[in-house]
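What you see below is based on every heavy atom in this structure, not just the backbone, and it leaves out hydrogens, waters and symmetry mates. Proteins get letters first, then strands, A, B, ... in listed order; numbering begins at 1 in each.
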Number of protein chains: 2
Amino acid sequence: MTTSDTANDPTQVRIAWHCTCFNVRRASRAVTEFYDGIMAPSGLKATQFTMLGAVSLMGPASVTRLAERLTLDRTTLTRNLKVLSQQRLVAISAGEDRRERVVSLTDAGQAALDRATPAWHEAQAALVKKFGEERWRRMIEDMAKLGALLNENS
Amino acid sequence: MTTSDTANDPTQVRIAWHCTCFNVRRASRAVTEFYDGIMAPSGLKATQFTMLGAVSLMGPASVTRLAERLTLDRTTLTRNLKVLSQQRLVAISAGEDRRERVVSLTDAGQAALDRATPAWHEAQAALVKKFGEERWRRMIEDMAKLGALLNENS
DNA sequence: GTCATAAAAGTGTAAATACACTTATTAGAA
DNA sequence: TTCTAATAAGTGTATTTACACTTTTATGAC
């Protein structure tokens with residue numbers, strides 16, 4: 001930020017660079033790029049690693065239940081699962097309730113998860129070290145709190 | 001380790017819900033939805049508001065310079081600007097250096113920015129209030145720091 | 001002055017995201 | 001039992017994001 005930039009309109013400056021949405025989206029881009037860069041050789045992106053991990057954790061679960069757990073729009077999850085499904089990393093079958101689709105991890109999915117886990121650890125450890133453990137922990141709490149606060153009233 | 005063992009493995013739990021990337025992306029989704037919900041009547045999404053604000057702040061500027069300022073991939077910005085350009089909110093013309101494209105705010109763009117500013121204030125104020133001013137300020141700093149840390153080494 | 005190289009930008013492709021709407025199925029009331 | 005309302009999921013469309021690659025233009029070495 002140079003002096004000539006801020007000379008224009010201090011109000012606009014405050015809006016532009018103090019915007020919570022801008023800052024969290026920028027942080028999201030930076031972190032995603034960082035994780036993806038380290039995890040690329042494993043064949044999984046960070047988002048896909050998270051989804052496979054959620055499926056693994058929850059066992060066979062419906063799309064809606066997974067979406068709730070990930071705090072992700074259900075239709076977004078449908079589209080994201082399609083990618084994993086095409087790679088045969090998850091299997092999607094009809095549930096007992098025929099309206100439901102049950103998502104489960106395939107053997108290939110479990111293998112991919114296992115293969116990517118060391119890279120995830122590497123990325124996570126590197127970030128925590130760069131940031132400082134205590135501060136990192138505080139920030140994770142803040143971010144979780146943020147999600148909880150904003151999702152509860154709507 | 002069988003699949004059912006994995007489902008109960010505290011290590012997997014730690015990975016899934018302590019992942020920095022997952023948490024920052026989830027926070028990003030929550031905040032974006034919150035801002036967009038409040039700003040919708042103004043006709044601008046939070047991301048578009050940010051871009052228009054950046055163009056307004058920097059005056060006519062090249063795509064690369066804007067992308068650097070927003071810490072956004074240049075090709076992403078090209079695509080995002082296309083939307084604003086089609087709505088005639090920004091104008092894109094050749095620079096003195098013929099390789100450059102210079103982006104500037106149109107009158108309609110300035111009007112849209114002015115129209116959306118009160119809604120942005122409303123969203124920002126509501127979030128800060130919910131979160132607590134001091135904690136919010138700390139978090140913004142942390143997120144900015146995060147971006148700076150991760151972008152400097154690569 | 002010519003030409004190799006760097007710089008600026010756009011395109012092809014694909015993933016992640018979500019809103020509005022539709023379809024299929026279950027549950028519950030009359 | 002029948003039918004209406006609620007639930008689960010998918011589709012159409014559009015935006016945001018970024019990597020790999022190409023095209024256009026300027027710069028600098030010789």
Side-chain angles (χ1 to χ4, degrees), chain A residues 21-22 24-37 39-41 43-52 61-68 70-87 89 92-103 151 154, chain B residues 21-22 24-37 39-41 43-52 61-68 70-87 89 92-103 151 154:
Chain A
C21 191
F22 165 64
V24 72
R25 289 183 71 90
R26 180 170 59 172
S28 167
R29 289 194 295 269
V31 173
T32 301
E33 192 184 346
F34 183 72
Y35 275 65
D36 280 351
M39 296 185 66
L44 285 183
K45 312 188 80 173
T47 47
Q48 300 171 335
F49 180 78
T50 297
M51 276 190 291
L52 287 183
S62 74
V63 175
T64 296
R65 232 164 70 80
L66 278 169
E68 282 168 355
L70 294 165
T71 328
L72 185 62
D73 187 273
R74 184 186 49 77
T75 69
T76 299
L77 186 56
T78 294
R79 298 277 155 72
N80 292 358
L81 285 173
K82 197 181 169 203
V83 176
L84 298 178
S85 176
Q86 281 169 341
Q87 296 181 285
L89 302 181
I92 303 178
S93 54
E96 196 172 337
D97 182 333
R98 309 281 284 260
R99 291 172 299 183
E100 286 185 353
R101 295 274 163 168
V102 174
V103 185
N151 280 298
S154 63
Chain B
C21 191
F22 165 62
V24 72
R25 289 183 71 89
R26 181 172 58 172
S28 166
R29 290 193 295 269
V31 174
T32 302
E33 193 185 346
F34 183 73
Y35 275 66
D36 279 352
M39 296 184 66
L44 286 183
K45 310 188 82 173
T47 47
Q48 299 171 334
F49 181 78
T50 297
M51 277 190 291
L52 286 184
S62 74
V63 175
T64 295
R65 233 164 71 80
L66 278 170
E68 282 168 355
L70 295 165
T71 330
L72 186 61
D73 187 272
R74 184 186 49 76
T75 68
T76 298
L77 186 56
T78 295
R79 297 278 154 74
N80 292 359
L81 284 173
K82 198 182 169 203
V83 176
L84 297 179
S85 176
Q86 282 168 340
Q87 297 180 282
L89 302 181
I92 303 178
S93 54
E96 196 172 336
D97 182 334
R98 308 284 283 260
R99 293 172 298 183
E100 287 184 353
R101 296 272 164 171
V102 174
V103 184
N151 280 299
S154 62

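Among the protein residues, N80(A) comes within range of the nucleic acid bases, having at least one heavy atom under 4.0 Å from a base atom. Using a 4.0 Å heavy-atom cutoff across all strands shown, S62(B) reaches sugar-phosphate atoms only and no base atom. Residue contacts shown for R25(B) are limited to sugar-phosphate atoms, with no base heavy atom under 4.0 Å away. Within the nucleic acid shown, R29(A) comes within 4.0 Å of sugar-phosphate atoms alone, with no base atom in reach, counting heavy atoms only.
When the C1' atom of dA15(C) is taken as reference, atom CD of Q86(A) falls 11 Å away, rounded to whole Å. Rounding to whole angstrom units, CG of residue L89(A) and P of dA15(C) are separated by 12 Å. Atoms CG (L70(A)) and P (dA16(C)) sit 12 Å apart, rounded to a whole Å. Distance, R101(B) CZ to dG10(C) P: 6 Å, rounded to whole Å. In this structure, L81(A) places its CG atom 11 Å from P of dT17(C), rounding to the nearest Å. For R26(B) and dT17(C), the CZ to P distance is 13 Å, given to the nearest whole Å. Here the P atom of nucleotide dA18(C) and the CD atom of E33(B) are 7 Å apart, to the nearest Å. Here dG12(C) presents its C1' atom at 14 Å from CG of D73(B), a figure rounded to the nearest Å.
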Would Q48(B) and L52(B) satisfy side chain to side chain contact (heavy atoms under 4.5 Å, CB included), going step by step from the backbone distance to the final call? CA-CA 6 Å; Q48(B) 299 171 334; L52(B) 286 184; 5.5 Å; no
Trace of the side chain to side chain contact (heavy atoms under 4.5 Å, CB included) decision for V103(A) with L77(A): CA-CA 11 Å; V103(A) 185; L77(A) 186 56; over 6 Å; no
Trace of the side chain to side chain donor-acceptor pair (under 3.5 Å) decision for R25(A) with T32(B): CA-CA 8 Å; R25(A) 289 183 71 90; T32(B) 302; 2.9 Å; yes
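In summary, contact between chain B and DNA chain D, defined as any nucleotide atom under 4.0 Å from a heavy atom of the protein, begins and ends at dT15(D) to dA26(D) in the 5' to 3' direction.
The minimum heavy-atom distance between F22(B) and L70(A), with the atom names listed, is CE1-O, 3.8 Å. For the pair R65(B) and A61(B), the tightest heavy-atom approach, listed with the atom from each and the gap, is NE-CB, 4.2 Å. Nearest heavy-atom pair across R74(B) and A67(B) is CA-CB, 3.8 Å. Of all heavy-atom pairs spanning G95(B) and V102(B), the tightest one is CA-CG2, 3.6 Å.
A distance of 8.0 Å separates CG in L84(B) from OG1 in T47(B), rounded to the nearest 0.5 Å.
No donor-acceptor distance shorter than 3.5 angstrom exists from the side chain of R101(A) to the backbone of V63(A), with no hydrogens or angles considered. Side chain of S28(A) to main chain of V24(A): no donor-acceptor pair is present (N/O by atom type, distance under 3.5 Å, no hydrogens or angles).
Comparing A61(B) and A30(B) along DNA chain C, the residue whose closest nucleotide (by nearest heavy atom) sits nearer the 5' end is A61(B). Each of T76(A) and R99(A) was assigned the nucleotide of DNA chain C with the nearest heavy atom; the assignment lying further toward the 5' end belongs to T76(A).
When distances are taken from the side chain of E100(B) to each of dA7(C), dA9(C), dT13(C), the shortest belongs to dA9(C).
A heavy atom closer than 4.0 Å to some atom of DNA chain D occurs in T47(B), Q48(B), these being the qualifying members of residues 44-52 of chain B.
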